[in-house]
Amino acid sequence: MPVIDLRSDTVTHPTPAMRRAMAEAEVGDDVYGEDPTVNRLQALAAEMTGFEAGLFMPSGTMTNQVALAAHTQRGCEVIMSEGAHIYEYELGAMAVVSGLVPRLVPAPLGVPSAEDVAAAVHRSVHQAPTGLIALENTHNKAGGTVLPLASTRAIQAVAQREGLPLHLDGARVFNAATALGVPVAEVCQPCDSVALCLSKGLAAPVGSVLVGSGAFIAKAHRYRKLLGGGMRQAGGIAAAGIVALREMTTRLHEDHARARALAEGLVRLGVRVDLESVQTNMVYLTVPRAELLARRLAERGVLCHALGAESIRLVTHYQLRDEEITTALAIFAELLEEGV
Ligand code: TLP
């Protein structure tokens with residue numbers, strides 16, 4: 001049975017060009033800063049996003065957590081939007097690793113207002129001082145939604161006024177840039193650091209890059225080592241990341257179009273989907289029995305992510321073609337007709 005895997009864009013396999021680049025990669029000991037391929041990847045990520053320096057890490061979680069550690073002091077609060085990946089899906093690492101407390105602000109469609117962010121800044125002697133503002137673009141839990149440039153800039157103004165650093169969880173920042181129709185550097189520009197992922201929509205097998213100023217990245221380097229992220233001949237995996245940045249960032253509109261087609265098809269079948277939230281490569285459905293539907297779909301070869309009693313997430317990526325979207329919709333139609 002052919003499998004249509006809509007669980008995440010993390011399920012993608014490396015492209016043939018990535019596999020070739022990995023096999024042929026020049027390598028060295030990255031703990032000594034001597035892996036030429038890692039160095040090229042870090043420089044390329046920094047150049048594309050408009051920062052001075054980059055630091056290669058194994059995962060988006062580690063990249064966010066290293067950024068948080070490097071920006072803050074223990075006992076600080078970090079302002080972030082409700083549903084932020086850093087808060088919801090990183091196992092409380094901010095508290096465990098860096099002694100930080102989250103301060104969540106409302107974020108309809110993943111977009112916090114500058115007013116709410118400003119009101120959440122703490123300065124009183126009775127409260128944990130605010131140490132950082134963290135944004136997420138695209139916002140995973142809100143449906144892969146995009147932060148408008150004006151919102152990011154307005155929050156940057158708050159950060160500057162308050163003397164706070166601004167971090168972006170940009171696991172899917174290239175999806176955001178694609179949806180906004182601007183170079184990725186423009187999306188990143190208001191922020192002091194960005195964690196970008198190579199292994200989501202860009203299809204590399206492993207890896208994320210933290211970008212920021214030279215001084216910030218030097219500090220982050222220490223935390224990466226402290227957390228066990230010192231890698232040796234990592235050029236083998238970094239090579240795939242270079243292909244991801246060079247070849248895979250310009251095709252994301254195809255994933256977005258397929259997510260749109262999937263969402264509209266589901267709406268036609270009577271499924272509840274908030275079409276306003278379908279802005280990139282994710283579709284969230286509200287269904288009466290999410291677990292049951294996910295199980296029945298899996299029996300017919302369609303894999304998805306049940307996120308709660310009534311919520312299912314579908315994600316499009318480069319390994320899907322139009323035919324697979326059509327087949328997935330036909331399987332949904334069968335199951336709905338059967339009353340699942
Ligand atoms: N998200 C994964 C799961 O953890 C939910 C997914 O399938 O979407 N920031 C954002 C916005 C993310 O969506 C993710 C991964 C991360 C950070 C963490 O990246 P990894 O999984 O590489 O640690």
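In each ligand, atom 1 is the first atom listed, and ligand 1 is the first ligand listed.
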Qualifying residue, where the test is side chain to side chain contact (heavy atoms under 4.5 Å, CB included) with Phe174 and the options are Thr249, Thr250, Val187, Leu198
Thr249
Non-hydrogen atoms of Glu90 versus ligand 1: any pair closer than 4.0 Å?
yes
Ligand-side contact atoms (ligand 1) for residue partner Arg313, heavy atom cut-off under 4.0 Å
6 (C), 7 (O), 8 (O)
In terms of side-chain heavy atoms, does His71 have a donor or acceptor partner in Ser193 at a distance below 3.5 Å?
yes
Any N/O pair Ser8/ligand 1 closer than 3.5 Å:
yes
Atom 9 (N) of ligand 1 sits nearest the protein heavy atom Asp169 OD2, 2.7 Å
Please say whether Thr138 places an N or O atom under 3.5 Å from an N or O atom belonging to ligand 1.
no
Record the part of His139 in heavy-atom contact with ligand 1 below 4.0 Å; permitted values are side chain, backbone, both and neither.
neither
Any chance you could lay out the side chain to side chain donor-acceptor pair (under 3.5 Å) test for Thr178 and His256, step after step, and finish with the verdict?
CA-CA 9 Å; Thr178 301; His256 298 184; 5.4 Å; no
Could you point out which residue of Leu202, Asn281, Leu252, Val11 forms a side chain to side chain contact (heavy atoms under 4.5 Å, CB included) with His317?
Val11
Near Arg172 (heavy-atom distance under 4.0 Å), the atoms of ligand 1 are 6 (C), 8 (O), 12 (C), 13 (O)
Protein contact to atom 22 (O) of ligand 1 [nearest heavy atom, distance to 0.1 Å]
Gly60 N, 2.8 Å
What part of His305, side chain from CB on, backbone N/CA/C/O, both or neither, has a heavy atom under 4.0 Å from ligand 1?
neither
May I ask you to check whether His122 and Glu77 show a side-chain donor-acceptor distance below 3.5 Å?
yes
At under 4.0 Å between heavy atoms, which part of Met62 makes contact with ligand 1: side chain, backbone, both or neither?
neither
Could you check atom 23 (O) of ligand 1 against the protein and tell me its nearest heavy-atom contact, residue, atom and distance included?
Thr61 OG1, 2.6 Å
Grouping I, L, V, M, F, W and Y whenever their side-chain heavy atoms are under 4.5 Å apart, do Ile79 and Leu100 come out in a common cluster?
no
Does one side chain, of His85 or Glu136, offer a donor that lies under 3.5 Å from an acceptor on the other?
no
Determine whether Leu164 and Val117 fall in the same hydrophobic cluster, where Ile, Leu, Val, Met, Phe, Trp and Tyr are linked whenever their side-chain heavy atoms lie under 4.5 Å apart.
yes
Where do His167 and Asn64 land on the side-chain contact (heavy atoms from CB on, under 4.5 Å) test, with the steps shown first?
CA-CA 9 Å; His167 172 70; Asn64 278 330; 3.0 Å; yes
N or O pair under 3.5 Å between Ser208 and ligand 1:
no
With respect to atom 19 (O) of ligand 1, which of Lys200, Glu136, His85, Met57 exhibits the smallest heavy-atom separation?
Lys200
Has Thr280 got a side-chain atom pairing as donor or acceptor with Gly144's backbone, closer than 3.5 angstrom?
yes
Note: Gln65, heavy atoms under 4.0 Å from ligand 1, region reported as neither
Within 4.0 Å of some non-hydrogen atom of Ser59, the atoms of ligand 1 are 22 (O), 23 (O)
